[in-house]
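Note sheet for the following structure.
Atoms within a ligand are numbered from 1 in the order they appear, just like the ligands themselves.
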Amino acid sequence: MSRLIVVSNRVSVPKAAGAAGAQGGLAVALNSALREHRGIWFGWSGQETEEFTGHLNMQRISDVTTATIDLETQDIDEYYNGYANRTLWPLFHYRIDLTEYDRSFGEGYERVNARFATSVLPLIEPDDLVWVHDYHLLPLGSMLRRKGIRNRMGLFLHTPWPPTRLLVSLPFHERLVASMLEYDVIGFQTQEWLESFMHYVSKEMGLPITDDGTVEYQGRKILAKAFPIGVDYDEFVEGARSAEAQEAYERLKASIRGRKLMIGVDRLDYSKGLGERFESFGRFLTDHPDQAGNVVLLQIAPPSRGDVASYQQIREDLERKTGHINGAHADVAFVPIRYVNRGYPRSHLAGFYRAADIGLVTPLRDGMNLVAKEYVAAQDPEDPGVLILSQFAGAAQQLTEALLVNPHSIEHVSEAIKRALDMPLSERKQRHAALLASVRDEDVLRWREDFVTALFGQIDGNGTNGDK
Ligand code: ADQ
């Protein structure tokens, strides 16, 4: 079996199997892939250094070898807080109003990708598969090719891919996309993002696309395909049955004293539609005064990317909205929105999800959204809650039995809350069974296997993808 070299912006390995911590689904997925493939996980340590040395800090944690580098303050400003999170992230989430085009960001992005390439190079052996993750590292493959790496290399993009009309607002967009075509496999979360990418390469670059989904570029074939990411179903269901989950469940249930509970769990990010969600709940309380005092929204939102101004603004905005809605609808023994800015161990989250009658997942745009799938996996099949899901999350393409909503429409979401609260048990069970089948069958192990198989060059049975 080939070794897998995984490269992502950050590296996240739990100290011990099953250790508590706010570890996201991606980290769990990559850890399981790496254990199976005797691989190495390379990325930024999260630490700053005065002068970049490229020194590799190698560690072996829970059967996974990690290799990390430190970055300079200027690198972090221009590459991470700059091009990655002030240019590409908003652009890829259709927010050109928040997209900043600063020349120094682009230079920092190229410089850090080159630093990643130089540092990971000595770790790569001839038969290794190289799997690069996300928008931080789009040109990394082309930089490795320039250094003579001939291994099979794949890229998986966790975010949406924007429509061509938006992407062309990015200076040097063609150079960026051309650099991606040095990979052998390019993976997207959904068919929609894949189609946007194919539209760009065919209409803007004039490249031929074959029926089996390969793009032809400079005599090579690149496979572009949708690989929808999932949750670690077994781990999550097991976690939901654990003593800690049970304790978290009981503690939360006791605190809401027989009221109905809605839950939202999101990184604090403008793409997650939290402001619109709060307003929708406010509208629900105004439109249904008989329900005031009966329904609580628990919103768990750990801060992220706090050095970027748009993230500071969303935080202030949400604090104001929470105060406003609570001020209008609270009384001495009841507060409608519980807004919590911290992370929780996954087992606790599973208990919280199970305690909630409604999962409210309403991003304005999301590559996939794992919270929607975790909510479904954590439910009691005999008395499941209802998932309200944004039509603009990648997950909506699989989770069609959720109550799909337009998160921009305060009325629509408010009506969906009412419908979910009134939904009879038989309908809840029937919808949940369909959702659960999808979450179970298209789980993270399948995602990883499908991608690695494609990367290995066996997706079409004859190993022709990208072979040079
Ligand atoms: P994110 O934008 O971070 O991921 P999401 O898919 O919802 O969004 O994953 C977040 C993960 O973090 C979930 O596993 C969740 O349980 C966890 N999490 C969130 N808040 C937490 C808290 N307070 N405590 C503990 N854990 C918490 C990006 C893309 C998504 C895509 C994923 C994976 O933006 O669209 O689904 O990558 O590809």
Side-chain angles (χ1 to χ4, degrees), residues 6 8-10 12 14 19-31 33 84-85 88-90 92-95 131 133-136 155-161 187-190 192-193 226-233 235-236 239-240 244-245 248 263-274 298-305 311 314 338-354 356 359-378 387 389-390 392-399 439 442-444 447-448 451:
V6 168
S8 63
N9 173 53
R10 291 290 304 276
S12 163
Q23 222 201 352
L26 170 67
V28 173
L30 292 182
N31 277 305
N85 287 326
L88 293 184
W89 177 272
F92 284 12
H93 288 82
Y94 296 43
R95 293 296 300 268
W131 188 4
H133 289 264
D134 236 358
Y135 59 100
H136 312 86
L155 170 75
F156 184 79
L157 187 67
H158 292 261
T159 65
W161 183 265
F188 298 91
Q189 300 271 26
T190 68
E192 187 180 351
W193 319 138
F227 298 89
I229 199 168
V231 295
D232 190 331
Y233 182 79
E235 181 243 26
F236 211 82
E244 297 109 80
I263 193 167
V265 176
D266 310 76
R267 273 187 312 100
L268 224 172
D269 192 300
Y270 50 78
S271 67
K272 302 293 182 184
L274 295 170
L298 169 62
Q299 177 62 55
I300 300 177
S304 68
R305 305 173 193 167
Y311 286 76
I314 174 83
R338 293 187 191 176
Y339 177 48
V340 185
N341 291 126
R342 51 165 284 201
Y344 286 92
R346 294 177 68 68
S347 57
H348 291 204
L349 274 190
F352 297 158
Y353 288 137
R354 195 151 56 83
L360 206 44
V361 184
T362 54
L364 305 180
R365 199 63 62 175
D366 216 332
M368 175 55 66
N369 195 293
L370 293 177
V371 169
K373 297 185 173 186
E374 291 168 1
Y375 177 76
V376 169
L387 175 65
L389 177 62
S390 162
F392 303 123
Q397 294 190 20
Q398 294 164 296
L399 304 182
V439 170
E442 298 181 301
D443 74 346
V444 76
W447 169 76
R448 185 251 295 167
F451 194 92

> Considering the options Leu268, Val340, Asp266, which one meets the side chain to side chain contact (heavy atoms under 4.5 Å, CB included) requirement together with Gln299?
Replying inline: Asp266

> For ligand 1, which atoms, with element, lie under 4.0 Å from some heavy atom of Arg342?
Replying inline: 23 (N)

> Between Leu349 and ligand 1, which residue portion shows a heavy-atom distance shorter than 4.0 Å: side chain, backbone, both, or neither?
Replying inline: side chain

> Looking at Arg346, which atoms of ligand 1 are within less than 4.0 Å of one of its heavy atoms?
Replying inline: 14 (O), 16 (O)

> Does even one non-hydrogen atom of Trp89 get within less than 4.0 Å of ligand 1?
Replying inline: yes

> Short N/O distance, under 3.5 Å, between Phe156 and ligand 1?
Replying inline: no

> Which ligand 1 atoms are under 4.0 Å away from a heavy-atom of Val265?
Replying inline: 19 (C), 20 (N), 21 (C)

> Once the angle between the rings of Trp447 and His133 is folded into 0 to 90°, is it parallel (under 30°), tilted (30 to 60°) or perpendicular (over 60°)?
Replying inline: tilted

>> Show the atoms of ligand 1 that are less than 4.0 angstrom away from any heavy atom in Val371.
In response: 7 (O), 15 (C)

> Which atom names give the shortest non-hydrogen contact between Leu274 and Ala301, and what distance separates them?
Replying inline: CD1-CB, 4.4 Å

> Are any of the side-chain heavy atoms of Ser271 and Pro363 separated by less than 4.5 Å?
Replying inline: no

>> Judged on heavy-atom distance to atom 1 (P) of ligand 1, which of His158, Met368, Lys272 sits nearest?
In response: Lys272

> Can you tell which of Arg267, His93, His348, Glu374 gets a heavy atom nearest to atom 14 (O) of ligand 1?
Replying inline: Glu374

> Short question: side chain of Gln189, backbone of Ile229 - any donor-acceptor pair under 3.5 Å?
Replying inline: yes

>> Within this structure, what is the NZ-CD1 distance for the pair Lys272 and Ile314, rounded to the nearest 0.5 Å?
In response: 12.0 Å

> Looking at Pro302, which atoms of ligand 1 are within less than 4.0 Å of one of its heavy atoms?
Replying inline: 20 (N), 21 (C), 22 (C), 23 (N)

> Rounded to the nearest 0.5 Å, what separation is found between the CG atom of Leu389 and the CG atom of Asp366?
Replying inline: 9.5 Å

> What are the atoms of ligand 1, with element, lying closer than 4.0 Å to any heavy atom of Gly367?
Replying inline: 35 (O)

> Considering only heavy atoms of Ile300, which atoms of ligand 1 have at least one such atom less than 4.0 Å away?
Replying inline: 23 (N)

>> Quick check against the 3.5 Å criterion: does Lys373 have a side-chain atom that pairs as donor or acceptor with the backbone of Ala395?
In response: no

>> Within the 4.0 Å heavy-atom shell around Leu370, which atoms of ligand 1 are there?
In response: 5 (P), 6 (O), 7 (O), 33 (C), 36 (O)

>> Looking at ligand 1, is there an atom of it that comes within less than 4.0 Å of some heavy atom belonging to Thr159?
In response: no

> Shortest non-hydrogen contact from Gly343 to Pro302?
Replying inline: N-CB, 4.1 Å

